[in-house]
Number of protein chains: 2
Amino acid sequence: MLTTQTRSEATAARIIAAAKSLFVARNYSDVTTDMIATAAEITKGGLYHHFASKEDLYLAMMLGDFEDKRRLFEQAVAKPGTCRDRLTQLTRDYLELPHEERELTHLVRRDVNTFSGKERDSLISAYQKALPAQIETIINDGIRDEEVAACDARILAWSFVALVEVVIGQYAEVTLENTEAQLEHVLGLFFGGVSITPKGEPA
Amino acid sequence: MLTTQTRSEATAARIIAAAKSLFVARNYSDVTTDMIATAAEITKGGLYHHFASKEDLYLAMMLGDFEDKRRLFEQAVAKPGTCRDRLTQLTRDYLELPHEERELTHLVRRDVNTFSGKERDSLISAYQKALPAQIETIINDGIRDEEVAACDARILAWSFVALVEVVIGQYAEVTLENTEAQLEHVLGLFFGGVSITPKGEPA
DNA sequence: GTATTAACCGACCGGTCAGTCGGTCGGTAG
DNA sequence: CTACCGACCGACTGACCGGTCGGTTAATAC
């Protein structure tokens, strides 16, 4: 029926998908390889045929996802336009990702202490360095063009990320309903703050 | 030498202190009762003399810390002044807490999925409801006094919290050196945004 | 002094979980 | 057809960990 290769790839993909939904829901240590295997409709032996270890699976899952996000962010960095426009574009694309994919982005901050050595480093350099660095680039352009006040761009990038996470609902059971409302909140707050000013609508 | 009661209280405090530094550094599941006992210079049997279970210890640690923070926040809520002044005061007090105490505040978001039932509920209602609700109160006053643009105060409260966490360095190895620089960043960004405006210094 | 009790010890138990290994089955190559 | 190999199975193991329990010491009560 299926070729061996196709079948193998499909199984690996099923394992990754199962791992995503489980690791998003619970800490690394609280997800067992049996749980992942069962969710992927395979046995533990089968899982270990595809991945050398639990850590290996976690890293494959994360670095695969990172690559997708890196490409997504790259598009916004490459585009012309104002800093605000590019951040809007990037955020809109990001908010339209499925819930699970967005959750993966901040999994690192929760689980990173579980790892050590180069595994830990690769996670940090992907999600804590490379992705925010792309946002930083856009913000630095904004500073150069005098659209944004001069300030440490890295801190501003992280501030932006934090605001996005708030509207996603990471911080509580607080969520703005639709993507446009979320966008408006983040961009409005980031660029204009909450103060009532004579010239317009903040927040 | 020491009375039994004093000795007991001191031991319990030592266990809580050991638990704090370990739980801040690693996930709930990755911290063993043996590690806590060793760090508290006691044995596991001794630990279980003071606390009924690992979960019980974790909750005692968290709810004790919550009570301290609740009182700290309460002061800022009770004070008169503008919304900005009160938030400044609260944030300054908060930033002057020792690193470990501040880290405890967002431990819940990392570990909450490990618990269930009323243990989980008590953690959520403390750190995800009661504390942000106090900030929300201050912001609502700001909206009432037309100092802050009308908007869902809960989302604004969480946005503020998120910005504070950024400058604390939760988000990367990014930290502004001193408390005043951190304060300026958070308050400036929250109230004024990052845009360059004719009338002054944002961010 | 004697009895009682709280604080603490440390060996132990039962369960869990990452990882292993010998084996089966079906597709593939020659 | 046959030999092979990759995909997968499932029982097993060894380490670890939360929690227990009988015992020891020292403070306290009488």
Side-chain angles (χ1 to χ4, degrees), chain A residues 1-23 25-62 111 113-117 119-120 123, chain B residues 1-23 25-62 111 113-117 119-120 123:
Chain A
M1 27 189 83
L2 262 51
T3 68
T4 307
Q5 192 188 350
T6 312
R7 182 181 175 76
S8 179
E9 282 165 7
T11 305
R14 234 170 44 237
I15 296 172
I16 294 275
K20 276 186 188 172
S21 72
L22 286 165
F23 281 128
R26 309 186 74 80
N27 285 346
Y28 179 80
S29 316
D30 294 339
V31 175
T32 70
T33 52
D34 258 326
M35 288 164 67
I36 301 170
T38 304
E41 290 176 310
I42 205 181
T43 61
K44 200 158 58 163
L47 189 154
Y48 275 86
H49 175 72
H50 290 277
F51 299 95
S53 66
K54 187 185 178 186
E55 238 183 69
D56 184 51
L57 166 58
Y58 187 90
L59 262 85
M61 173 190 87
M62 290 300 273
D111 288 334
N113 290 331
T114 315
F115 302 97
S116 60
E119 290 77 19
R120 184 189 156 101
L123 286 173
Chain B
M1 27 189 83
L2 260 52
T3 67
T4 306
Q5 192 188 350
T6 311
R7 182 181 176 76
S8 179
E9 280 165 7
T11 304
R14 233 169 46 237
I15 295 171
I16 294 275
K20 277 186 186 173
S21 71
L22 286 166
F23 280 128
R26 309 186 74 81
N27 285 345
Y28 179 79
S29 316
D30 293 339
V31 175
T32 70
T33 51
D34 256 325
M35 287 164 66
I36 301 170
T38 304
E41 291 175 310
I42 205 180
T43 61
K44 202 158 58 164
L47 189 153
Y48 274 86
H49 175 73
H50 290 276
F51 299 95
S53 66
K54 187 185 177 186
E55 239 184 68
D56 184 51
L57 166 58
Y58 187 89
L59 263 90
M61 173 189 86
M62 290 301 273
D111 288 333
N113 289 331
T114 315
F115 302 97
S116 60
E119 291 77 19
R120 184 189 155 101
L123 286 173

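So you know, we letter chains A, B, ... as the sequences are listed, proteins then strands, and number each from 1.
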Side chain of Tyr48(B) only, please: which of dT20(C), dG19(D), dT28(D) is the nearest?
dG19(D)

Should the side chain of Lys44(A) and the base of dG10(D) be counted as holding a donor-acceptor pair, with the cut-off at 3.5 Å?
no

So how far is it from Met35(B) CE to Thr33(B) OG1, rounded to the nearest 0.5 Å?
10.0 Å

For Ile15(B), which of Met61(B), Glu41(B), His49(B), His50(B) qualifies under side chain to side chain contact (heavy atoms under 4.5 Å, CB included)?
His50(B)

Within this structure, what is the CZ-to-C1' distance between Phe51(B) and dG18(D), rounded to whole angstrom?
16 Å

Separation of Ile15(B) atom CD1 from dC9(C) atom P, in whole Å?
9 Å

Whole-Å distance between dG18(D) C1' and Tyr28(B) OH?
9 Å

Per Thr33(A) side chain, nearest of listed nucleotides dA18(C), dT20(D), dT28(D)
dA18(C)

Identify the residue among Asn27(A), Thr114(A), Asp30(A) that makes a side-chain hydrogen bond (donor to acceptor under 3.5 Å, both in side chains) with Ser29(B).
Asp30(A)

Describe, in one word, how the ring planes of Tyr58(B) and Phe23(B) are oriented to each other, choosing from parallel (under 30°), tilted (30 to 60°) and perpendicular (over 60°).
perpendicular

Expressed in angstrom and rounded to an integer, what is the separation of Leu47(B) atom CG from dC21(D) atom P?
17 Å

Identify all pairs in which a protein N or O lies below 3.5 Å from an N or O of nucleotides 5-8 of chain C, and state each distance.
from: dA7(C); atom 1: OP1; to: Ser8(B); atom 2: OG; distance (Å): 2.9
from: dA7(C); atom 1: OP2; to: His49(B); atom 2: NE2; distance (Å): 2.8
from: dC8(C); atom 1: OP1; to: Thr11(B); atom 2: OG1; distance (Å): 2.6
from: dC8(C); atom 1: OP2; to: His50(B); atom 2: NE2; distance (Å): 2.5

For the side chain of Arg14(B) and the backbone of Ala40(B), is there at least one donor-acceptor N/O pair under 3.5 Å apart?
yes

Is it true that a side-chain atom of Asn113(B) and a backbone atom of Arg26(A) form a donor plus acceptor pair closer than 3.5 Å?
no

Would you check if Ile36(B) and Ile42(B) make a side-chain contact, meaning some heavy-atom pair closer than 4.5 Å?
no

Could you state the atom-to-atom distance from NZ of Lys54(B) to P of dC16(D) in whole Å?
15 Å

Arg26(A) atom CZ is separated from dC17(C) atom P, nearest whole Å, by 11 Å

Let me know the distance between CD1 of Ile36(B) and P of dG18(D), rounded to the nearest Å.
8 Å

What's the CG-C1' distance between Leu57(A) and dG19(C), to the nearest Å?
14 Å

